[in-house]
J.: 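My structure is below; once you've seen it, I'll send some questions.
Hydrogens, waters and symmetry mates play no part in the numbers below; they use all other heavy atoms, side chains included. None of these values were measured; they are calculated from a predicted model.
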Amino acid sequence: MSSIYEESLDSIGQMEDLHSSEGDSQYSPPPPWQLIDLQDCLHDSPQFRRLLDAKEYEIVDLERKLQKVVQTCSKMIDTGQVYTENCRLFTLSLKDLSEHFTQLPSVANNLLRICDIFNDIQSFYSILFDQAQRTVTKGLKDFLTGELKK
């Protein structure tokens with residue numbers, strides 16, 4: 001899939017080089033999200049072709065940026081799950097340590113309070129990563145695959 005994007009970016013870059021080498025000094029790229037005028041479409045002028053090329057480039061660039069968001073979110077979720085698992089192991093080791101201090105109840109109680117705090121933090125992180133996976137990663141992947149099929 002990434003090769004399609006790279007090929008599109010290369011071909012659009014070649015079109016931009018071609019248009020800039022034509023010597024048309026009055027051409028300037030349209031502002032982002034500007035609509036192409038219907039009259040330009042009907043006349044199929046060189047200006048229309050340049051606008052169309054620019055819009056195609058914007059779409060490819062947007063798809064590339066959305067793909068990057070999906071990939072970085074997936075990496076964040078994977079890293080977060082490793083973090084959550086390590087936090088769980090740390091909490092278990094603190095509980096194990098608190099058992100060593102049965103004769104010092106203040107130390108044992110404080111260690112158990114720290115364990116409770118880490119458990120709360122761990123549950124919040126789990127919720128965060130679950131929501132990020134469901135909303136950002138899955139939603140954008142579904143959107144991108146649905147739009148690319150069209």
J.: Other hydrophobic cluster members with Leu97, side-chain heavy atoms of Ile/Leu/Val/Met/Phe/Trp/Tyr under 4.5 Å, chained?
T.: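 Its cluster mates, by chain and number, are Phe90, Leu94, Phe101, Leu104, Val107, Leu111, Ile114, Phe118.
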J.: When rounded to the nearest 0.5 angstrom, what distance separates CD in Glu56 from CG in Leu51?
T.: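 Spacing of CD (Glu56) from CG (Leu51) equals 11.5 Å.
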J.: Rounded to the nearest 0.5 Å, how far apart are OG of Ser126 and CD1 of Ile121?
T.: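 Spacing of OG (Ser126) from CD1 (Ile121) equals 12.0 Å.
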J.: Could you measure the distance from the CG atom of Leu52 to the OH atom of Tyr57? Nearest 0.5 Å is fine.
T.: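 Leu52 CG to Tyr57 OH: 15.5 Å, rounded to 0.5 Å.
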J.: Working to the nearest 0.5 angstrom, can you tell me the gap between Thr84 OG1 and Phe124 CZ?
T.: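 Reported to 0.5 Å precision, the distance equals 13.0 Å.
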J.: Going by side-chain contact (heavy atoms from CB on, under 4.5 Å), name the residues that satisfy it together with Asn86, two or more places apart in sequence or in a different chain.
T.: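 Per chain and number, Asn86 pairs via side-chain contact (heavy atoms from CB on, under 4.5 Å) with Val82, Leu89.
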J.: Are any of the side-chain nitrogens in Asp53 or Arg49 under 4.0 Å away from the carboxylate oxygens of its partner?
T.: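 So Asp53 does not pair with Arg49 through a salt bridge.
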J.: Kindly check if the number of other-residue, nucleotide or ligand heavy atoms within 6.0 Å of CD (Gln103) is above 12?
T.: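 No, because the 6.0 Å sphere around CD of Gln103 holds 12 heavy atoms or fewer from other groups.
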J.: Mind jotting down which residue pairs meet the salt bridge (charged side-chain N to carboxylate O under 4.0 Å, His left out) criterion with at least one end in residues 93-119? Sequence neighbours excluded, please.
T.: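 Qualifying pairs: none.
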J.: What verdict does the side chain to side chain contact (heavy atoms under 4.5 Å, CB included) test give for Gln133 and Gln81, after you've listed the backbone C-alpha separation in whole Å, the side-chain angles of each residue and the deciding distance to 0.1 Å?
T.: CA-CA 11 Å; Gln133 185 172 21; Gln81 289 170 343; 4.1 Å; yes
J.: Looking at SG of Cys87 and CG of Leu92, how far apart are the two atoms once the value is rounded to the nearest 0.5 Å?
T.: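 Rounded to the nearest 0.5 Å, the SG-CG separation comes to 10.0 Å.
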J.: What closest approach, in Å, do Ala108 and Ser98 show between heavy atoms, and which atom pair accounts for it?
T.: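 For Ala108 and Ser98, the tightest heavy-atom pair comes out as CB-O, 3.7 Å.
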J.: Are Val136 and Ile77 linked, directly or through other ILVMFWY residues, by side chains that come within less than 4.5 angstrom of each other?
T.: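 No, Val136 does not connect to Ile77 through the hydrophobic network.
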J.: Treat each ILVMFWY residue as a node, draw an edge where side-chain heavy atoms are under 4.5 Å apart, and state whether Ile59 and Val70 are in one component.
T.: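 Not linked; separate clusters.
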J.: Step by step, work out the side chain to side chain contact (heavy atoms under 4.5 Å, CB included) result for Asn119 and Gln122.
T.: CA-CA 5 Å; Asn119 282 333; Gln122 180 183 353; 3.8 Å; yes
J.: Show the nearest heavy-atom pair for residues Arg88 and Glu85, with the distance to one decimal.
T.: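 Scanning both residues completely, I find the closest heavy atoms to be NH2-OE2, 2.6 Å.
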J.: Looking at Asp120, Asn110, Thr91, which one forms a side chain to side chain contact (heavy atoms under 4.5 Å, CB included) with Cys115?
T.: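 Answer after filtering Asp120, Asn110, Thr91: Thr91.
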